[in-house]
Amino acid sequence: SREQAKILTALSCGQIGLAIDYLANPELFNSYLEKMGRILAMFNQDLASKFKNIESIFLGSKTNMESTVVLAEELNYWQLILRDMLVTKNSDDNVLFNLHFRDQIKKIAGNYSTQKLLELLQVVKTIKIYLNYNINPRLAVENLLINL
């Protein structure tokens, strides 16, 4: 449908192969929606609930290396959400990557200043750099959640 094409085009960031993958593999698309929904929900949770959600991030990771890989992927999702929040706050929200979460993103973005969103993006960037230096992934994500 036209609406689905619009959502997949925005979500794939211009990567035609990724849009086709999402269309051909609904499980991949649903997994993405689930991860983004979980991240957006964290913005409205208390700190104890956020820490409980950490377990779902690392579910199935047996080694520190696996946890690092999982967290690096997770941080990419965080960057997309924070980017969309900044776009919503400062320009037209028709250029969002996550069009299907437009209302949630707009609501959450209203609770944060542009400066705070930029600070959160910097925290994500810093954690991604530190992951290359063998830091504990759980402590790194806890740091991010404390800064929310």
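Residues: numbered from 1 along the sequence shown. What you see is a predicted model; the values in this text were computed from it and never measured.
Every residue was checked against the side-chain hydrogen bond (donor to acceptor under 3.5 Å, both in side chains) condition with N111, not counting sequence neighbours, and none meets it. Contacts of E73 classified as salt bridge (Lys or Arg N to Asp or Glu O under 4.0 Å), with partners at least two apart in sequence or in another chain: K35. Residues passing the salt bridge (Lys or Arg N to Asp or Glu O under 4.0 Å) test with K106 are D93, sequence neighbours excluded. Partners of N44 according to the side-chain hydrogen bond (donor to acceptor under 3.5 Å, both in side chains) rule, which considers only residues two or more places apart in sequence or in another chain, do not exist here. In this view, N90 and T114 satisfy the side-chain hydrogen bond (donor to acceptor under 3.5 Å, both in side chains) rule, not counting sequence neighbours. Scanning for side chain to side chain contact (heavy atoms under 4.5 Å, CB included) contacts around D21 gives L28, with sequence neighbours left out. For the side chain to side chain contact (heavy atoms under 4.5 Å, CB included) test, residues two or more places apart in sequence or in another chain that qualify with E66 are S61, K62, T63. Legend: residues meeting salt bridge (Lys or Arg N to Asp or Glu O under 4.0 Å) with R138, ordered by chain and number and at least two apart, are E55. Scored by the side-chain hydrogen bond (donor to acceptor under 3.5 Å, both in side chains) test, S31 finds no partners at all (sequence neighbours excluded). Under the side chain to side chain contact (heavy atoms under 4.5 Å, CB included) criterion, D103 pairs with no residue, sequence neighbours left out. Residues passing the side chain to side chain contact (heavy atoms under 4.5 Å, CB included) test with S113 are Q115, K116, sequence neighbours excluded.
Of all non-hydrogen atoms in P137 and L71, the two that sit nearest each other are O-CD2, 3.3 Å.
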Could you tabulate the donor-acceptor pairs under 3.5 Å formed by side-chain atoms of residues 128-135, not counting sequence neighbours?
{"from": "K128", "atom 1": "NZ", "to": "N76", "atom 2": "OD1", "distance (Å)": "2.6"}
{"from": "K128", "atom 1": "NZ", "to": "Q79", "atom 2": "OE1", "distance (Å)": "2.9"}
{"from": "N134", "atom 1": "OD1", "to": "N64", "atom 2": "ND2", "distance (Å)": "3.3"}

Walk me through it: do I127 and V141 pass the test side chain to side chain contact (heavy atoms under 4.5 Å, CB included)? CA-CA 8 Å; I127 291 170; V141 77; over 6 Å; no
Checking I39 against F101 for the side chain to side chain contact (heavy atoms under 4.5 Å, CB included) test, could you report, in this order, the C-alpha distance in whole Å, the side-chain angles of both residues, the deciding distance, and whether it holds? CA-CA 11 Å; I39 291 169; F101 291 116; over 6 Å; no
Under the side chain to side chain contact (heavy atoms under 4.5 Å, CB included) rule, what do M85 and F43 come out as? Steps first, then yes or no, please. CA-CA 12 Å; M85 287 182 189; F43 283 91; 3.6 Å; yes
So I146 and F51, side chain to side chain contact (heavy atoms under 4.5 Å, CB included) or not? Walk me through it. CA-CA 9 Å; I146 288 170; F51 280 178; 4.0 Å; yes
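The hydrophobic clustering, which links ILVMFWY residues whose side-chain heavy atoms are closer than 4.5 Å, places M65 and V70 apart. Residues V69 and L75 are members of separate hydrophobic clusters, defined by side-chain heavy-atom contacts under 4.5 angstrom among Ile, Leu, Val, Met, Phe, Trp and Tyr.
Within the 4.5 Å cutoff, side-chain heavy atoms of L139 are placed close to those of E142. You'll find the side chain of M42 reaches within 4.5 Å of the side chain of W78, heavy atoms only.
Within the model, atoms CD1 of I81 and CE of M36 stand 3.5 Å from one another, a figure rounded to the nearest 0.5 Å. Interatomic distance, CG of L118 versus NZ of K89, reported as 11.0 Å (0.5 Å rounding). With rounding to the nearest 0.5 angstrom, the CD atom of Q122 is 12.0 Å from the CG atom of L82. The CG atom of L117 sits 4.5 Å away from atom CG of L86, with the distance rounded to the nearest 0.5 Å. Of the inter-residue distances, the one linking I20 atom CD1 with N25 atom CG reads 13.0 Å to the nearest 0.5 angstrom. Remark: L40 CG to D84 CG distance equals 9.0 Å, nearest 0.5 Å.
Within the 3.5 Å criterion, the main-chain N or O of Q45 finds no donor-acceptor partner in the side chain of S49.
Around CD of E34, the count of heavy atoms belonging to other residues, nucleotides or ligands within 6.0 Å does not exceed 12.
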